[in-house]
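Here's the structure we're looking at; comments come further down.
Convention: sequence-line order gives letters A, B, ...; per-chain numbering from 1. What's counted below: heavy atoms across the whole structure, side chains too, no hydrogens, waters or symmetry copies. Just so it is clear, the model here is predicted, and its values are computed rather than measured.
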Number of protein chains: 2
Amino acid sequence: MRAGLKRDRVRDFLLDFIADKRPGEAIPSERDLCKELGVSRPTLRAAIDDLVRSGLLVREHGRGTFTGPHRVTQALSATPSGSFYAPPAEGHWQSRILEFGLIPAGPQLATRLQLSPAAPVLRVVRLRIVDDEPMAIERIQLPHALVEGLVPADMESGSFYRLLRERFGVDVRTAVQTIEATVTDETEAELLNVPQHFPALGVERTTRDADGRIVEFVRSMYRGDRYRVTSELYFDADSG
Amino acid sequence: MRAGLKRDRVRDFLLDFIADKRPGEAIPSERDLCKELGVSRPTLRAAIDDLVRSGLLVREHGRGTFTGPHRVTQALSATPSGSFYAPPAEGHWQSRILEFGLIPAGPQLATRLQLSPAAPVLRVVRLRIVDDEPMAIERIQLPHALVEGLVPADMESGSFYRLLRERFGVDVRTAVQTIEATVTDETEAELLNVPQHFPALGVERTTRDADGRIVEFVRSMYRGDRYRVTSELYFDADSG
DNA sequence: CGCGCCAACTGGTTAAGACCACTCTATCTG
DNA sequence: CAGATAGAGTGGTCTTAACCAGTTGGCGCG
């Protein structure tokens, strides 16, 4: 999926372009962009298609292509007070590190992180706590090469993504995420302080940096009574 | 609506093909399908891409393309290929109407739909069925004034939003949606043919048309083993 | 007999170009 | 001056034709 070189280049170019614009502004015509970027129109259109699907761009036949209605794509947010990624104000939450260590990637993780199966992977399991109440369990896997020198205390508070950027030069840029309904098992229930088989949101997220490298693969479980996901949808033509 | 002619033809062909197969079976190679259907490979691939995005097909580089597990993975943002809850394949799903009638809005719904509490509201409860398997329960409430003359049969198949546009001149444009984890109660479990207290996604959606009028307020429950929500995120600054 | 290599599949990406359909505007005509 | 119209520009679709990159299995060599 991530394979294409040119397509990624075009995509990144467009992302930068969009970042400087206000919602609703036009982007250059497809034919102009082709010339400027030195790619064919199908390639360009494939890249634009991606962004249209994500809601960052909107096409209008005969008129042009425009930056999407919601500018900064905080596509998802969660109650109580923040998004899945920008939790409550710093200082209001903390993490208890349950596990922190190196493991070989193995076949599964190697695929997820696009590494060799023998590559060392840092695995961190942490319990997220807001106002003394456990809210979520996060199981984070990331290529050790990216974060050599990271210690558990680094992940107990503060913004991890900011740490990545400032100390390791990793500029988190995009993520693909799937959410599903699930229930807690015995240990999860205990950690989250809820009954067994309690409703929960299972989230899988793969995060990439500005160069398209995979930064982390995360499996999280959020208490169903404390988190909801809200999103805004924009339709263009038909739907069911 | 659904864009291309050939692409639709290919898509329909593949849907029929998939319908006869069990999950995990291979479909013919892309080059063979091109010959058989008389289309070019990019066109064919575009059609396959749609189905891969919908989760009906799975590609494996160097091996082939296979019918997917019967789990519907939805893109959260509005995509050309379908809305959140309607599997892209028209004709593959149907609805059983469980309830269809007028009720006064009452205080709660009046707020949700921005109507007077005395205004008549059409309430429809339907069971969504894909390939003979119940997948979701939808409880739809909409201002009766918007859809006078609507009959139950209108909501048993086909695109409801298209019907709204073509017959009632209502141009569905945006929706705000919240998703949460929940479990089925007794009657829900029976309708969905799953055990009681089974994981499920609860979804609330408020839909508006191009003029900003509220078109519908929907509460749905999706089987947790058959639905997941996927979304793409773009970061700006920092996060946790 | 076993191992390794290579050929023939598979999907993945890109190119270049043609033509259609829609929208806007500037110009021509009444 | 107002309306109709033609052209230019836009996105929408499709074709032909390459080449790249994994996967598989059979053939030949050791």
Side-chain angles (χ1 to χ4, degrees), chain A residues 1-14 17-18 24-53 55-68 107 110-112 114-117 212 234 236-238, chain B residues 1-14 17-18 21 24-53 55-68 78-81 171 210:
Chain A
M1 232 80 228
R2 190 81 313 228
L5 289 122
K6 294 218 173 180
R7 195 167 128 194
D8 284 354
R9 219 163 46 81
V10 173
R11 177 202 174 86
D12 289 344
F13 175 90
L14 287 171
F17 190 94
I18 293 167
E25 284 193 58
I27 68 171
S29 80
E30 297 185 354
R31 287 165 182 85
D32 286 350
L33 282 171
C34 289
K35 276 180 215 152
E36 183 165 347
L37 296 172
V39 302
S40 69
R41 199 152 154 243
T43 303
L44 180 88
R45 280 182 61 79
I48 291 182
D49 280 345
D50 277 352
L51 299 177
V52 168
R53 258 189 294 276
L56 274 88
L57 293 176
V58 176
R59 289 197 217 260
E60 287 186 40
H61 192 168
R63 302 213 325 122
T65 302
F66 306 86
T67 55
T111 306
R112 299 284 196 174
Q114 291 180 3
L115 294 174
S116 129
Y234 297 85
D236 29 37
D238 62 347
Chain B
M1 333 300 47
R2 279 259 4 100
L5 289 117
K6 295 219 173 180
R7 195 166 130 195
D8 283 353
R9 219 161 47 79
V10 173
R11 178 202 175 84
D12 290 344
F13 175 90
L14 288 170
F17 191 93
I18 293 167
K21 300 289 175 187
E25 284 193 56
I27 69 171
S29 81
E30 297 184 354
R31 286 165 182 85
D32 287 349
L33 282 171
C34 288
K35 275 182 216 152
E36 183 164 346
L37 296 172
V39 302
S40 67
R41 196 140 91 95
T43 303
L44 179 89
R45 281 182 60 81
I48 293 182
D49 281 345
D50 275 353
L51 299 177
V52 168
R53 258 189 295 276
L56 274 83
L57 293 176
V58 177
R59 290 196 217 260
E60 287 186 41
H61 192 168
R63 303 216 320 122
T65 303
F66 306 86
T67 56
T79 72
S81 31
D171 191 12

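- Taking atom CG of B:Leu57 as the reference point, atom C1' of C:dT10 lies 15 Å away to the nearest angstrom.
- The side chain to side chain contact (heavy atoms under 4.5 Å, CB included) test applied to B:Ala26 returns B:Phe66, not counting sequence neighbours.
- Between B:Thr65 and C:dG11 there is a side-chain N or O to OP1 or OP2 distance below 4.0 Å.
- If you measure from atom CG of B:Asp49 to atom C1' of C:dG11, you get 11 Å, rounded to the nearest angstrom.
- Put simply, the side chain of B:Leu37 does not reach to within 4.5 Å of the side chain of B:Thr43, judged on heavy atoms.
- Side-chain contact between B:Ile18 and B:Leu51: present, with at least one pair of heavy atoms (C-beta onward) separated by less than 4.5 Å.
- The nearest whole Å value for the distance from the CD atom in A:Glu30 to the P atom in C:dA16 is 16 Å.
- Straight-line distance from the NZ atom of B:Lys35 to the C1' atom of C:dC9: 12 Å, rounded to whole Å.
- For the salt bridge (charged side-chain N to carboxylate O under 4.0 Å, His left out) test, residues two or more places apart in sequence or in another chain that qualify with B:Glu30 are B:Arg41, B:Arg45, B:Arg59.
- Look at CG on A:Leu37: it is 14 Å from P on C:dA16, rounded to the nearest Å.
- B:Arg31 pairs by the side chain to side chain donor-acceptor pair (under 3.5 Å) definition with nothing, not counting sequence neighbours.
- One atom, CD1 of A:Ile48, and another, P of C:dT14, lie 14 Å apart when rounded to the nearest Å.
- Side-chain N/O atoms of B:Thr43 include one lying less than 4.0 angstrom from OP1 or OP2 on D:dT15.
- Atom pair B:Arg59:CZ and D:dT23:C1' shows a separation of 16 Å (rounding to whole Å applied).
- Partners of B:Thr65 according to the side chain to side chain donor-acceptor pair (under 3.5 Å) rule, which considers only residues two or more places apart in sequence or in another chain, do not exist here.
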Next item on the list: Determine, for nucleotides 16-22 of chain D in 5'-to-3' order, which nucleotides have protein heavy atoms under 4.0 Å from the base (write B), from only the sugar-phosphate (write S), or from neither (write -).
Entry: B-BB-BB
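- Nucleotides of DNA chain D nearest to B:Glu60 and B:Leu44 differ in position, and the one nearer the 5' end is that of B:Leu44.
- Every residue two or more places apart in sequence or in another chain was checked for a side chain to side chain contact (heavy atoms under 4.5 Å, CB included) with A:Thr111, and none qualifies.
- D:dT10 atom C1' lies 11 Å from atom CZ of A:Arg45, rounded to whole Å.
- Ranking D:dT13, C:dG12, D:dT15 by closeness to the B:Lys6 side chain, first place goes to D:dT15.
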